[in-house]
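Read through the structure below, which is laid out as structure tokens, and then see the notes.
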Amino acid sequence: MGLNATPGPPLWLLAELTYRCPLHCVFCFNPVDFARQEEELTTEDWMRVLRQGRELGAVQLGLSGGEPLVRDDLEEIVVEAHRLGYYTNLLTSGVGLTAARAAALKAAGLDHVQLSFQDSTKEMNDFLSHTKTFELKSRVAKIIKDNGWPMVLNVVIHRMNIDHIDRIIEMAADMGAEYLELANTQYYSWAFLNRDQLLPTHEQLKQAERKTDAWRARMGERMRIFFVAPDYHEGKAKKCVNGWGNMFLTVAPDGTALPCHTAKMLPGLSFPNVREHDLRHIWFDSEGFNRYRGTGWMKEPCSSCEFKEQDLGGCRCQAYLLANDPAVADPACYKSPHHHLVEEAVERAGSLSPARAMEHPLVFRDPANSRRLAGA
Ligand code: FES
């Protein structure tokens with residue numbers, strides 16, 4: 001989409017119902033200052049957002065967080081979403097998905113569940129999330145299957161679990177997952193704070209890809225395996241959130257409407273709140289959604305790049321985090337004048353022994369750390 005083209009509808013509405021979460025994952029994509037958030041939207045607010053989303057043309061609804069199951073109106077929200085005709089996805093850590101709640105969500109019309117695991121081993125799963133949740137998650141996987149939902153297992157991949165990839169895939173196959181998403185860590189938010197400890201080496205990555213390909217050949221149609229390639233190692237920028245203001249509309253727990261999970265941190269931009277504006281205005285007319293839409297905002301090297309329509313300049317949040325300017329080319333791209341920052345980070349990861357990497361203590365996602373980092 002060029003400068004003046006009218007955007008299509010937001011096909012995906014992501015409802016981040018809450019930042020409350022029983023887990024403390026070191027790679028959490030919630031904003032580092034999440035503890036500063038304002039009051040959560042009410043049930044009625046969410047009902048209104050859902051209706052406005054459908055009127056705009058949204059068809060997919062992601063119910064995420066934090067942990068969406070901590071909201072006791074989740075079932076009510078699903079009933080309304082189902083009635084409106086959304087295809088509903090619950091993105092959960094599994095904590096709180098008891099057999100009774102699963103039955104209620106099934107009756108409410110929930111279509112799909114994505115369950116996150118941190119690793120195939122209890123030790124690493126529980127260490128990375130700072131909770132004892134591995135066995136609970138295994139029980140939840142069975143509950144999901146018993147309810148006949150298609151199951152996506154999502155595992156965020158990084159230096160500390162990438163060598164377990166065989167066991168992770170085997171675990172997903174044993175649990176009867178239809179889909180396995182091996183999502184290489186994106187280095188924003190908490191993962192950015194922990195990047196030196198989490199970034200895998202080139203060699204680890206290549207090996208993981210080889211093993212994944214072998215499993216794909218073995219599993220065929222029984223389980224589809226997605227290996228979400230890491231942009232740090234590829235020298236290429238990715239079309240982040242499928243393009244700014246192009247497909248995804250995220251509503252944060254306090255009602256701030258965002259083109260991606262972390263856009264609120266970007267300087268010089270204001271994002272509207274669903275308490276004050278309807279989604280039509282937000283999507284088509286707000287400054288925040290229009291600023292990096294299409295290609296008209298680009299500077300060199302993006303503006304004359306032959307790939308600009310494919311990657312749309314990459315990720316604005318990464319450009320800000322690494323180059324301190326959200327309007328420059330994503331430093332993951334080899335053409336970016338800041339690409340050396342990505343190369344140096346990968347090199348550093350390659351030269352750090354696991355023991356050295358662990359000398360920097362990990363920062364776990366929790367409200368106390370969040371308040372400290374926000375300076376509150
Ligand atoms: Fe915000 Fe990529 S995460 S644009």
Side-chain angles (χ1 to χ4, degrees), residues 1 7 10-16 19 25 27-34 37 62 64-66 91 154 156 158 181 183-195 198-199 228-254 256-272 282-283 286-299 302 305 307-333 336 338-339 341-342 345 365:
M1 190 184 67
L11 294 176
W12 265 89
L13 181 62
L14 288 181
E16 290 192 325
Y19 285 144
C25 300
F27 45 72
C28 180
F29 57 77
N30 285 163
V32 168
D33 64 354
F34 72 86
Q37 66 147 343
S64 124
L91 285 75
N154 170 280
V156 175
H158 44 74
E181 189 175 75
N184 275 286
T185 307
Q186 302 289 334
Y187 294 97
Y188 321 121
S189 304
W190 297 84
F192 189 67
L193 296 175
N194 292 310
R195 189 181 62 175
L198 295 178
L199 198 60
V228 184
D231 52 2
Y232 265 57
H233 290 80
E234 290 223 305
K236 281 195 271 184
K238 67 181 184 327
K239 191 178 181 180
C240 195
V241 285
N242 211 45
W244 183 275
N246 188 33
M247 181 184 276
F248 288 95
L249 195 164
T250 297
V251 180
D254 69 356
T256 310
L258 300 165
C260 73
H261 303 299
T262 46
K264 205 173 172 182
M265 70 172 166
L266 299 179
L269 265 184
S270 66
F271 292 102
I282 288 170
W283 183 252
S286 70
E287 202 261 337
F289 275 78
N290 279 307
R291 174 75 73 90
Y292 300 115
R293 207 169 230 156
T295 56
W297 57 273
M298 290 177 175
K299 327 187 216 189
C302 295
C305 178
F307 302 115
K308 70 175 177 186
E309 297 285 349
Q310 273 123 283
D311 62 28
L312 293 173
C315 175
R316 298 305 84 226
C317 296
Q318 190 148 278
Y320 171 62
L321 280 173
L322 295 175
N324 210 23
D325 182 354
V328 295
D330 184 338
C333 175
S336 157
H338 301 98
H339 185 57
L341 297 170
V342 168
R365 174 232 202 259

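Each residue takes its place number in the sequence, starting with 1. For ligands, and for the atoms within them, numbers begin at 1 and follow the listed sequence. Just so it is clear, the structure is predicted and the values come from calculations on it, not from any experiment.
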> Per the side chain to side chain contact (heavy atoms under 4.5 Å, CB included) rule, which among D231, L312, D311 passes with K238?
Replying inline: D231
Within a distance under 4.0 Å of any heavy atom of [X], pick out the atoms of ligand 1 and give their elements.
{"X": "T262", "result": "1 (Fe), 3 (S)"}
{"X": "C240", "result": "2 (Fe), 3 (S), 4 (S)"}
{"X": "C315", "result": "2 (Fe), 3 (S), 4 (S)"}

> Quick check: does any side chain N or O of H339 sit under 3.5 Å from a backbone N or O of C333, one acting as donor and the other as acceptor?
Replying inline: yes
>> Using modelled atom types and a 3.5 Å cut-off, is there a donor and acceptor pairing between side-chain atoms of W283 and backbone atoms of F289?
In response: no
> Does a side-chain heavy-atom distance below 4.5 Å link F307 with K236?
Replying inline: no
>> For F271 and W244, take the angle between the two ring planes, folded into 0 to 90°, and tell me which bin it lands in: parallel under 30, tilted 30 to 60, perpendicular over 60.
In response: tilted
> Considering only the protein, which heavy-atom contact is closest to atom 4 (S) of ligand 1, and what is its distance?
Replying inline: R316 N, 3.4 Å
> Hey, is there an N, O or S on C260 sitting under 2.8 Å from atom 1 (Fe) of ligand 1?
Replying inline: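 Within the cut-off used here (under 2.8 Å), C260 does place an N, O or S atom near atom 1 (Fe) of ligand 1.
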> Under 2.8 Å from atom 1 (Fe) of ligand 1, is there an N/O/S atom belonging to C317?
Replying inline: yes
